[in-house]
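These notes are about the structure you will find just below.
All residue numbers refer to positions in the sequence shown, counting from 1. Every value quoted in this text rests on a predicted model; they were computed, and no experiment measured them.
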Amino acid sequence: MDLVQTLLDGLMVGGLYATVAIGVTLVFGIMGILNFAHGQMVMLGAYTAFFVVSAGFGFWPALLIGMVAMGALGLLLERVVFRFTLTDHMQGLTASLGLIMVIENLAAAAFTPDPRTFDPPLPGSFQIAGLTLSSQRMLVLGLVVLLVVGCYLFLQKTRIGKAIRAMGQNRTGAALVGIEISQVTAVVFVLGSAMAGAAGVLYGSLFAITPYMAAAPLMKGFILTVLGGLGSVPGAVLAGFLLGIAESLGSRYLSASFRDGYGFILLIVALLYFPRGLLGKRGKVRV
């Protein structure tokens with residue numbers, strides 16, 4: 001029973017990691033930019049939820065507003081900053097590092113470094129077949145699955161999703177067949193940022209919110225981007241769940257203080273046997 005609880009906890013945490021990694025993977029796969037400021041979207045999404053819930057609107061409006069607000073911020077950053085770095089990926093990388101300092105320090109000045117929390121919609125726990133499960137953690141796991149499946153269906157079934165996949169395969173070829181490159185890159189930033197906002201809201205329902213909380217989800221997001229295969233959204237999701245399970249099992253049966261190290265061990269071992277990542281392919285980007 002203890003093993004089942006540990007695995008469920010790992011799936012929940014891994015799903016949060018995957019939600020963050022999807023945005024990182026999409027932006028890299030389409031634009032070739034490693035957006036280091038993606039973690040700040042998670043942090044701002046968590047703060048958005050805190051203020052919305054504190055105003056009395058509840059968790060569900062906070063989730064929706066967090067996604068919409070971060071999607072709008074992602075669109076703004078794409079239009080004002082990253083659109084002008086498409087021809088020089090190092091410029092985009094440098095710009096994202098600068099955004100980390102700007103957003104983090106503005107958040108610390110505006111919100112103070114004090115940890116903030118808000119009440120989850122489902123406090124307490126329940127029992128199933130002898131298992132004691134956290135209600136909020138199970139809700140988060142269910143929402144993460146819905147977000148991941150929804151993103152997958154969007155990329156596979158919608159016209160703009162197919163355009164995103166086409167650009168991931170061959171940007172020049174996509175432009176030649178009439179795909180509007182600028183519109184697709186904007187949608188990618190909006191989608192990735194909205195997923196980060198959702199991840200931030202879900203993080204905030206479980207953990208303390210601070211202006212400096214972005215480092216951990218960002219680090220995990222980049223581990224998953226590489227582990228899953230650069231540009232592969234299915235790979236990032238698979239890697240997210242594997243990382244979450246590895247961390248939970250390692251923390252439970254080995255050492256909890258080494259929790260953040262298990263991801264790097266998993267990454268090193270996996271790349272020894274899968275140099276292009278779990279679902280990466282030579283010369284192609286899978287989205």
Side-chain angles (χ1 to χ4, degrees), residues 3-24 38-39 41-54 57-71 115-128 131-152 191-210 213-214 216-221 223-224 233 236-249 251-252 256 259-260 263:
L3 176 60
V4 175
Q5 286 182 305
T6 302
L7 290 174
L8 286 173
D9 188 62
L11 288 173
M12 184 276 299
V13 175
L16 284 177
Y17 294 161
T19 307
V20 177
I22 285 174
V24 177
H38 196 74
M41 298 288 190
V42 177
M43 178 265 290
L44 291 176
Y47 269 110
T48 300
F50 168 77
F51 288 114
V52 171
V53 173
S54 298
F57 292 101
F59 174 80
W60 299 107
L63 179 60
L64 178 60
I65 293 171
M67 293 183 68
V68 172
M70 291 308 101
R116 309 286 187 97
T117 60
F118 60 85
D119 294 330
L122 292 179
S125 60
F126 62 96
Q127 289 192 336
I128 294 181
L131 294 173
T132 301
L133 303 175
S134 165
S135 301
Q136 180 61 20
R137 286 178 176 263
M138 290 303 99
L139 174 63
V140 168
L141 177 58
L143 290 175
V144 161
V145 171
L146 287 177
L147 286 169
V148 170
V149 171
C151 183
Y152 177 80
L191 177 60
S193 299
M195 292 292 283
V201 175
L202 298 179
Y203 261 101
S205 71
L206 298 172
F207 309 111
I209 305 167
T210 74
M213 64 177 283
L218 177 66
M219 178 183 68
K220 303 299 171 63
I223 289 176
L224 299 184
V233 170
V237 173
L238 173 62
F241 286 115
L242 290 177
L243 176 58
I245 291 172
E247 286 188 351
S248 291
L249 290 175
S251 298
R252 178 67 181 85
R259 184 182 184 94
D260 289 334

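Pairing each heavy atom of L122 with each of S135, the nearest pair is O-CB, 3.4 Å. Nearest heavy atoms, P115 versus T210: CA-CG2, 3.9 Å. Considering all non-hydrogen atoms of both residues, L218 and G39 come closest at CD1-N, 3.8 Å. A pairwise comparison of heavy atoms in A62 and V53 identifies CB-CG2, 3.8 Å as the closest pair. Nearest heavy atoms, A46 versus G200: CB-O, 3.2 Å. Closest of all the heavy-atom pairs between F59 and L202 is CZ-CD2, 3.9 Å.
Considering only heavy atoms from C-beta on, M195 stays 4.5 Å or farther from V20 through its side chain. No side-chain heavy atom of L8 sits under 4.5 Å from any side-chain heavy atom of Q5. Under the 4.5 Å side-chain criterion, counting only non-hydrogen atoms from C-beta, I65 is not in contact with F51. Using a 4.5 Å cut-off on side-chain heavy atoms (C-beta onward), L7 and I245 make contact. Contact annotation: the side chain of P217 never approaches that of H38 to less than 4.5 Å [non-hydrogen atoms, C-beta and beyond].
In summary, of the residues considered (L143, L141, L206), a side chain to side chain contact (heavy atoms under 4.5 Å, CB included) with L16 occurs for L206 alone.
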For this session: Just do the side-chain contact (heavy atoms from CB on, under 4.5 Å) check on S134 and M12 with the steps written out, would you?
Result: CA-CA 11 Å; S134 165; M12 184 276 299; over 6 Å; no

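Atom CG of residue L238 and atom CG of residue L224 lie 10.0 Å apart, to the nearest 0.5 angstrom. Residue M41 holds its CE atom at 3.5 Å from OG of S193, rounded to the nearest 0.5 Å. Rounded to the nearest 0.5 Å, atoms CE (M43) and OG1 (T48) are 10.0 Å apart. Rounding to the nearest 0.5 Å places CG of L242 at 11.5 Å from CD of E247. The distance from atom CD1 of I209 to atom OH of Y203, rounded to the nearest 0.5 Å, is 12.5 Å. Between the CZ atom in R116 and the OG atom in S54 there is a gap of 8.0 Å [rounded to 0.5 Å].
Between D260 and K220 there is a salt bridge, with a side-chain nitrogen of the basic residue lying less than 4.0 Å from a carboxylate oxygen of the acidic one.
Counting non-hydrogen atoms of other residues, nucleotides and ligands closer than 6.0 Å to CZ of F207 gives a total above 12.
Ring geometry for F50 versus Y47: interplanar angle over 60°, hence perpendicular rather than tilted (30 to 60°).
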